[in-house]
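All heavy atoms count here, side chains included; hydrogens, waters and symmetry mates do not. Order of the sequence lines sets the chain letters (A, B, ...), proteins ahead of strands, with each chain counted from 1.
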2 protein chains.
Amino acid sequence: MIDSLIEKIIEMQNPTCVGLDTSFDYLPDDMKVDKNGEVIATFETAAERITEFNMNIIDKVCDIVPAVKVQIAYYEMYGYEGLKAFDYTVNYARGKGMVVIADCKRNDIGSTASCYSKAYLGATQVNDKKIKSFPADMLTVNGYLGSDGIKPFIENIKSDNKSIFVLVKTSNPSSGELQNLKLDNGEYVYERMGSLVAEWGKETIGKYGYSEVGAVVGATHPEEAANLRKRLPNTFFLIPGYGAQGGSAQMLKVCFDKRGLGGIVNSSRGIICAYKNPEYSGMNYSDAARAACLDMQQDLRNAIGKMGK
Amino acid sequence: MIDSLIEKIIEMQNPTCVGLDTSFDYLPDDMKVDKNGEVIATFETAAERITEFNMNIIDKVCDIVPAVKVQIAYYEMYGYEGLKAFDYTVNYARGKGMVVIADCKRNDIGSTASCYSKAYLGATQVNDKKIKSFPADMLTVNGYLGSDGIKPFIENIKSDNKSIFVLVKTSNPSSGELQNLKLDNGEYVYERMGSLVAEWGKETIGKYGYSEVGAVVGATHPEEAANLRKRLPNTFFLIPGYGAQGGSAQMLKVCFDKRGLGGIVNSSRGIICAYKNPEYSGMNYSDAARAACLDMQQDLRNAIGKMGK
């Protein structure tokens, strides 16, 4: 799947990904009431409105943005009705040709990880029938449990043409508490996690030199990002932290190689809440999202240059 | 919530927890067909049968077992219909007076972690209405992102009387790849994670001396478990790995203090699939589950002794 993503990035000259972290709170006021003008007060109706919001954003950006990242926590908080919205959003975005990253950061022991892998990358068998649950293209995972918690995902990567991104250096302020501890051989924990990621991906390197096992590397930590780019030449980066979290194009350009490839940058609130930003005043939420995507693309291209020279 | 759990453990003299990792595959053959005798082939019907299976197990064990641990991966693989079964199971077990541990190993940056915390420990606001999503008593979390990914859970612990268990030393064979790396100060990564857990929990220590921020410590690693018990006198342990994964009562007794307190031991397949075990032949699945619970209780009491002396 990583080759398809890179091809779309080159074709659109846009290494970005829209984060659909759609809290009901983020919706415009007129979407917070139902068709009869009543204030919405159930998960079911809230989830329907979230789906509608996502669909309109997807329609407006799918020709200029290669991927969406759907953050499942924002759907889980609306119960199983929220998960229905998650499912619908994943399917709708794929139907529009976008690469869908399920941002779930799943992790467990092998037998349980294989359930997660079925849920997001493969299919689940019910008697003789195989059914897809939440059919994403790519999934984020947490590698704290080591290889046997990752192996089931690698199997689906190979059999179903999927990719994963393993948390290596996360974008949040306290990520260093664990990730930047120094080991007795002089390495940092995040560097060691990075080496495991390279090892896990080494049999799945595609035509652009990047493997199906990518790394999550926050835009907010440029020193570690530059270090990881050097250490992991075959690892593609999913880069959160741009915009609302404080990461800039100048900070994250170290994640890219000489061809302008090697990463995809996520922005969530900066896009889906753009309509609240005075810069896009007067626009409806989906037009504002598109305008914000174009501005982000320009900002990144100024820093990174042409992709796929 | 940890005090309530410990009280139930003392009252029942049983430091165990039934893991409802209910794969549809585990169900008896007569539950794999619908009421008309047709082979079940949809998530909806599969999830209904899983719920029925869980309810019958809960009915049969709720007077002798203090808690259930519901492993969400096994529900996610059946899509949002599976999550409906998860929700129903959580509510049913709580209704029967059991302490419910949602085993979700959630983790993310602060703003996103707060969505997970609402989903499992708190409530989600839709306009002016607060609604509960998957109302568990306790939640497992992964601490790789550090303090700001844990903080939202701590807030719900305090406001809603809940508990969490943070992964410290997991039960799987490859857990050492990250967790047993040695730091430059001589500590291991899992020890450092343990110290963070103690720090996160220090304001929530209850009347038995244990805090609301517990640790997941695998029964399969007795050396690390003994070490952690010594280092973390105020941290309660959730102990997976007994039975199917190879952990024994003798291996895990190091997790308990002199009063026979300090941990709760999970068994999943050993209980819910007991009906397939020749030892319980002729019993239906729920009677076999109860018999396996009683055997497990005896096995643990022989090793640990009386709880709450």
task = Give the member of B:K84, B:K130, B:K118, B:E187 that has the highest number of heavy-atom pairs under 4.5 Å with chain A.
result = B:K84
inquiry  = Do B:S175 and A:L145 make a side-chain contact, defined as non-hydrogen atoms from C-beta onward lying under 4.5 Å apart?
reply    = no
query = Looking at B:F86, B:Y80, B:F134, which makes the most heavy-atom pairs under 4.5 Å with chain A?
reply = B:Y80
Contacting moiety of B:V168, where chain A heavy atoms sit under 4.5 Å = backbone
query = Are any non-hydrogen side-chain atoms of A:F43 and B:S133 less than 4.5 angstrom apart?
reply = yes
query = Could you go step by step and tell me if A:N127 and B:F24 meet the side chain to side chain contact (heavy atoms under 4.5 Å, CB included) rule?
reply = CA-CA 8 Å; A:N127 287 315; B:F24 182 74; 3.7 Å; yes
message = Under a 4.5 Å cutoff for heavy-atom pairs, which residue among B:V189, B:I40, B:D87, B:L196 has the most contacts with chain A?
response = B:I40
message = With a 6.0 Å cut-off (strictly less than), is the heavy-atom count around CG of B:N185, excluding the residue itself, greater than 12?
response = yes
ask   = What option among A:L83, A:D21, A:L183 has the most heavy-atom pairs under 4.5 Å with chain B?
value = A:L183
query = If you round to the nearest 0.5 Å, how far is CG of A:N142 from CG of B:N142?
reply = 3.5 Å
ask   = Shortest non-hydrogen contact from B:S174 to A:S147?
value = OG-N, 3.3 Å
query = Side chain, backbone, both or neither: which part of B:Y120 has a non-hydrogen atom closer than 4.5 Å to chain A?
reply = side chain
ask   = With sequence neighbours left out, which residue pairs that include part of residues 32-42 of chain A fulfil the side chain to side chain donor-acceptor pair (under 3.5 Å) condition?
value = A:T42-A:T45
request  = Specify which of A:A119, A:G218, A:P240 makes the most heavy-atom pairs with chain B at under 4.5 Å.
outcome  = A:A119
request  = Apply salt bridge (Lys or Arg N to Asp or Glu O under 4.0 Å) to the pair A:D184 and B:K182, showing each step before the final yes or no.
outcome  = CA-CA 6 Å; A:D184 65 352; B:K182 204 169 200 169; 5.6 Å; no
ask   = Are A:R106 and B:E76 close enough, and set up right, to give a salt bridge (Lys or Arg N to Asp or Glu O under 4.0 Å), and what steps lead you there?
value = CA-CA 11 Å; A:R106 296 304 193 244; B:E76 286 183 29; 3.1 Å; yes
task = Might you point out which heavy atoms bring B:Y74 and A:T112 nearest each other, and give the distance in Å?
result = CE1-OG1, 3.8 Å
inquiry  = Is there a side-chain contact between B:M193 and A:Y144 in this structure, where contact means two heavy atoms from C-beta onward sitting under 4.5 Å apart?
reply    = yes
key: chain B interface, residue from A:L178, A:T170, A:N107 that has the most non-hydrogen pairs under 4.5 Å   = A:N107
ask   = Which one, B:Q179, B:R192, B:K132, leads in non-hydrogen pairs under 4.5 Å with chain A?
value = B:Q179
request  = List the steps, then state whether side chain to side chain contact (heavy atoms under 4.5 Å, CB included) holds for A:Q71 with B:D108.
outcome  = CA-CA 10 Å; A:Q71 170 49 262; B:D108 218 298; 3.1 Å; yes
Part of B:R49 within contact of chain A (heavy atom distance under 4.5 Å) = neither
ask   = Between A:A46, A:G176, A:P173, A:S117, which has the largest tally of heavy atom pairs under 4.5 Å with chain B?
value = A:P173
ask   = Based on non-hydrogen pairs under 4.5 Å, which of B:E81, B:M77, B:E177 is most in contact with chain A?
value = B:M77
inquiry  = Contact between B:V126 and A:Y78 at the side-chain level, heavy atoms closer than 4.5 Å - yes or no?
reply    = yes
task = Compute whether any side-chain donor of one residue and acceptor of the other, for A:D25 and B:Q125, lie under 3.5 angstrom apart.
result = no
key: Proximity breakdown for A:V216 and chain B, heavy-atom pairs closer than 4.5 Å   = neither
key: Option in B:V33, B:I109, B:D103, B:I131 with maximal non-hydrogen atom pairs under 4.5 Å from chain A   = B:I131
key: ring pair (Phe, Tyr, Trp, His ring centres under 6.0 Å) partners of B:F53, counting only residues at least two apart   = B:Y285
B:Y188, OH: over 12 other non-hydrogen atoms inside 6.0 angstrom = no
remark   = For B:C104 and A:Y116 the tightest heavy-atom approach is O-OH, 3.8 Å
query = Can you tell me if NZ on B:K276 sees more than 12 non-hydrogen neighbours from other groups inside 6.0 Å?
reply = yes
For the student: nearest non-hydrogen atoms of A:C115 and B:A73, plus distance = CB-O, 3.5 Å
